[in-house]
Amino acid sequence: MVNVAVLGYGTVGSGVVEVLNINKEIIKRNVGEEIKVKYVLDLREFEGDPVQEILVHDYDVILKDKDVKIIAEAMGGVEPAYTFTKNALLAGKSVCTSNKELVAKHGAELLEIAKKNNANYFFEASVGGGIPIIRPLNNCITADEVTGISGILNGTTNYILTEMSEKGAAFEEVLKDAQDKGYAERNPEADVEGHDACRKIAILTSLVTGSQVDFEDIYTEGITKITEKDFKYAKAMKASIKLLGISKKIDGKFYSLVAPFLVKHKNPLYSVRGVFNGILVHGNMVDDVMFYGRGAGKSPTASAVVSDVVDAAKNLGKHIPVEWNEKKYDLGKISELKSRFFVRMKDKGLDDDLMPAIIEAFGDVLCIRAEGVHDELAFITDEIREDEFKEHIAKFEDVYSVIRVDF
Ligand code: NDP
Ligand code: HSE
């Protein structure tokens with residue numbers, strides 16, 4: 001029997017206990033031994049829940065118990081999760097986590113500690129909820145030079161964008177719904193401002209480069225400025241609006257960003273709806289590989305954490321190497337990156353025709369019209385460097401919206 005402790009009995013932590021109970025026999029077959037939850041750590045009491053019998057409030061009880069070989073960390077946040085994880089690894093216990101904030105910040109260091117103590121630090125659930133993406137990157141796409149990752153990496157924002165686009169739902173209403181369903185972060189600003197997707201693309205890019213990609217270096221825009229009219233134009237273009245985390249290698253250097261994109265129907269990410277995430281990985285030999293599944297929520301995320309627990313249980317006392325060191329990776333400057341931009345601005349009519357100025361600034365543009373939208377000029381530029389676009393667009397007043405285009 002392998003004893004496990006679960007840290008945090010919230011959405012994911014309670015899911016981990018549930019998955020281990022419901023799929024007990026399958027998990028036993030996969031590990032070769034039974035997995036038993038010996039402790040659950042939380043700040044609260046859970047009267048009436050059987051978990052109460054194994055609930056502790058003092059982490060030292062878990063740390064000092066030599067029978068506990070694996071810890072599933074689902075508390076979230078950097079502290080005390082970082083200290084708890086570090087001490088567990090130093091004690092030779094393996095840690096499996098869904099905490100991307102911690103993984104993005106201290107992943108390389110914690111992996112090194114795990115290595116020195118013949119333990120494992122696994123974080124499958126930290127990106128893409130229930131989608132296997134970390135293990136495939138580490139263990140499967142290993143014969144390729146990965147040259148690009150493009151993903152819908154946040155379930156909450158994809159759920160919001162889908163509901164707004166398809167049902168005309170109001171932003172605040174759908175966000176509340178996503179919170180009620182357990183998709184959103186404790187502070188949902190992390191979802192809607194793109195910080196969560198930013199941490200996830202930082203983790204994936206770190207794994208691909210083998211060194212530390214700091215999420216603070218990644219240009220990040222959220223979805224809070226997207227309006228009903230943007231969706232009308234998207235429909236007119238047979239496109240959808242998606243928050244994408246992108247890393248692409250150009251001339252030997254990775255460039256990363258997180259921003260809303262207009263995604264055309266021929267892109268497989270176009271049809272990733274609701275809480276689902278989709279991640280496209282491009283390798284120089286394998287070409288495009290797509291990963292798809294539920295990006296947030298109790299059971300899918302817990303399934304990914306437990307898959308790590310299974311792996312940890314099968315490899316007790318043995319470190320599985322993960323190439324991610326603490327040396328900082330210098331990302332390419334976003335200002336040098338080229339994109340196409342969709343722009344909406346006020347149409348001042350014939351008295352003040354803006355078209356000559358638009359053509360002077362951006363060259364030939366593709367004009368777009370949307371049903372029911374008047375008094376606006378909307379167009380798509382050719383590929384243009386980010387810094388040049390910024391310089392030119394600053395010359396125009398009354399710009400309603402700017403969205404990058406990923407056709
Ligand atoms: P919740 O807020 O639902 O759960 C966290 C739990 O941990 C709460 O019960 C909280 O208690 C407890 N906790 C917090 N600090 C401590 C502490 N110091 N000691 C003991 N218990 C503590 O969060 P989620 O389950 O949604 O998320 C957990 C982690 O998983 C986060 O890192 C999140 O980003 C990540 N994640 C979440 C997904 C999801 O779909 N929800 C998907 C993928 C990853 P209290 O409420 O009393 O503070
Ligand atoms: N809040 C996150 C999301 C949870 O919505 O994607 C999964 O990481």
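If you're wondering where the values come from, they're calculated on a predicted model, not measured in any experiment. Just so you know, ligand 1 is whichever comes first in the structure, and atom 1 is the first atom listed for that ligand.
Contacts between Y9 and ligand 1 below 4.0 angstrom, taking non-hydrogen atoms only, involve the backbone exclusively. For D196, every heavy-atom contact with ligand 2 shorter than 4.0 Å involves the side chain, none the backbone.
For atom 17 (C) of ligand 1, the nearest non-hydrogen atom of the protein is M75 SD, 3.6 Å. If you check which protein heavy atom lies closest to atom 32 (O) of ligand 1, you get G76 CA, 3.1 Å. Nearest protein heavy-atom contact of atom 27 (O) of ligand 1 is V12 CG2, 3.9 Å. At the top of the distance list for atom 33 (C) of ligand 1, counting protein heavy atoms only, stands E185 OE1, 3.6 Å. Closest to atom 7 (C) of ligand 2 among all protein heavy atoms lies G295 O, 3.3 Å. Remark: minimum distance from atom 5 (O) of ligand 2 to any protein heavy atom is reached at T156 OG1, 2.6 Å. In terms of protein heavy atoms, atom 15 (N) of ligand 1 is closest to L43 CD1, 4.0 Å. R186 NH2, 3.0 Å is the protein heavy atom nearest to atom 46 (O) of ligand 1. Protein heavy atom closest to atom 3 (O) of ligand 1, with residue, atom name and distance, is T11 N, 2.9 Å. From the protein, the heavy atom lying nearest to atom 8 (O) of ligand 2 is K100 NZ, 2.5 Å. Of the protein's non-hydrogen atoms, the one nearest atom 4 (O) of ligand 1 is G10 CA, 3.2 Å.
Using a 4.0 Å cut-off to heavy atoms of G8, the atoms of ligand 1 that qualify are 6 (C), 7 (O), 12 (C). If you number the atoms of ligand 1 from 1 as listed, the ones under 4.0 Å from a heavy atom of N99 come out as 32 (O). Short contacts between ligand 1 and P80, defined as distances under 4.0 Å to a heavy atom of the residue, involve ligand atoms 18 (N). For ligand 1 and G297, the ligand atoms under 4.0 Å from any heavy atom of the residue are 39 (C), 40 (O). Residue K200 has at least one heavy-atom neighbour below 4.0 Å for each of these atoms of ligand 2: 2 (C), 3 (C), 6 (O), 7 (C), 8 (O). Close approach of ligand 2 to G155 is summarised as follows: ligand atoms under 4.0 Å from at least one heavy atom of the residue are 3 (C), 5 (O), 6 (O). Interface atoms of ligand 2 facing N154, defined by a heavy-atom separation under 4.0 Å, are 2 (C), 3 (C), 5 (O), 6 (O). Per-residue contacts place R44 under 4.0 angstrom from the following atoms of ligand 1 (heavy atoms of the residue considered): 8 (C), 9 (O), 45 (P), 46 (O), 47 (O). In summary, the atoms of ligand 1 found under 4.0 Å from a heavy atom of T301, numbered by their order in the structure, are 40 (O), 42 (C), 43 (C), 44 (C). Within ligand 1, counting atoms from 1 as listed, the ones closer than 4.0 Å to a heavy atom of A296 are 40 (O). Contact atoms of ligand 2 toward D191: 1 (N), 2 (C), 3 (C), 5 (O) (distance under 4.0 Å to a heavy atom of the residue).
Ion pairing between K253 and D330 fails under the 4.0 Å rule for side-chain N and carboxylate O. With respect to the salt-bridge test (charged N to carboxylate O, under 4.0 angstrom), the residues K328 and D217 qualify. A salt bridge is absent between K105 and E79: the closest approach of a Lys/Arg side-chain nitrogen to an acidic carboxylate oxygen does not fall below 4.0 angstrom. One finds a salt bridge joining E109 and K86 here, because a Lys/Arg side-chain nitrogen approaches an Asp/Glu carboxylate oxygen to under 4.0 Å. For the pair E376 and R344, the salt-bridge criterion is met [side-chain N within less than 4.0 Å of a carboxylate O]. A salt bridge is absent between K333 and D387; no separation between the charged side-chain nitrogens and carboxylate oxygens falls under 4.0 Å. A salt bridge links E386 with R404: at least one charged nitrogen is closer than 4.0 Å to a carboxylate oxygen.
Ring geometry, F396 versus F362: the interplanar angle falls under 30°, so the pair is classed parallel (tilted spans 30 to 60°). Under the 30°/60° scheme for interplanar angles, the aromatic rings of F123 and W324 are found to stand perpendicular. Between F276 and Y292, the two ring planes are parallel [angle under 30°; tilted spans 30° to 60°].
Of the candidates A184, A302, S98, G15, it is S98 that places a heavy atom closest to atom 44 (C) of ligand 1. Across D196, D42, V56, heavy-atom proximity to atom 21 (N) of ligand 1 is greatest for D42. Atom 41 (N) of ligand 1 has its nearest heavy-atom neighbour, among A125, G182, A74, in G182. Here the shortest heavy-atom distance to atom 1 (N) of ligand 2, taken over E185, Q179, K181, belongs to E185.
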- Query: Hey, mind stepping through N118 and H319 against side-chain hydrogen bond (donor to acceptor under 3.5 Å, both in side chains) and telling me if it holds?
  - Reply: CA-CA 5 Å; N118 297 323; H319 176 72; over 6 Å; no
- Please lay out, stage by stage, how Y59 and N87 fare under the test side-chain hydrogen bond (donor to acceptor under 3.5 Å, both in side chains). CA-CA 10 Å; Y59 179 60; N87 289 339; over 6 Å; no
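Looking at L41 and F84, their side chains come closer than 4.5 Å, going by heavy atoms from C-beta outward. The shortest distance between side-chain heavy atoms of K181 and V275 does not fall below 4.5 Å. Using a 4.5 Å heavy-atom cutoff, the side chains of K100 and E185 are in contact.
For atom 23 (O) of ligand 1, no protein heavy-atom neighbour is found at a distance under 4.0 Å.
Distances shorter than 4.0 angstrom do not occur between any heavy atom of E101 and any atom of ligand 1. Using a 4.0 angstrom heavy-atom cutoff, G129 does not count as in contact with ligand 1.
Screening E33, E18, E34 for a salt bridge (charged side-chain N to carboxylate O under 4.0 Å, His left out) with K24, the sole residue that qualifies is E34.
Within the model, atoms CG of N138 and CZ of F122 stand 9.0 Å from one another, a figure rounded to the nearest 0.5 Å.
D406 and N267 form a side-chain donor-acceptor contact under 3.5 Å, judged by distance and modelled atom types alone.
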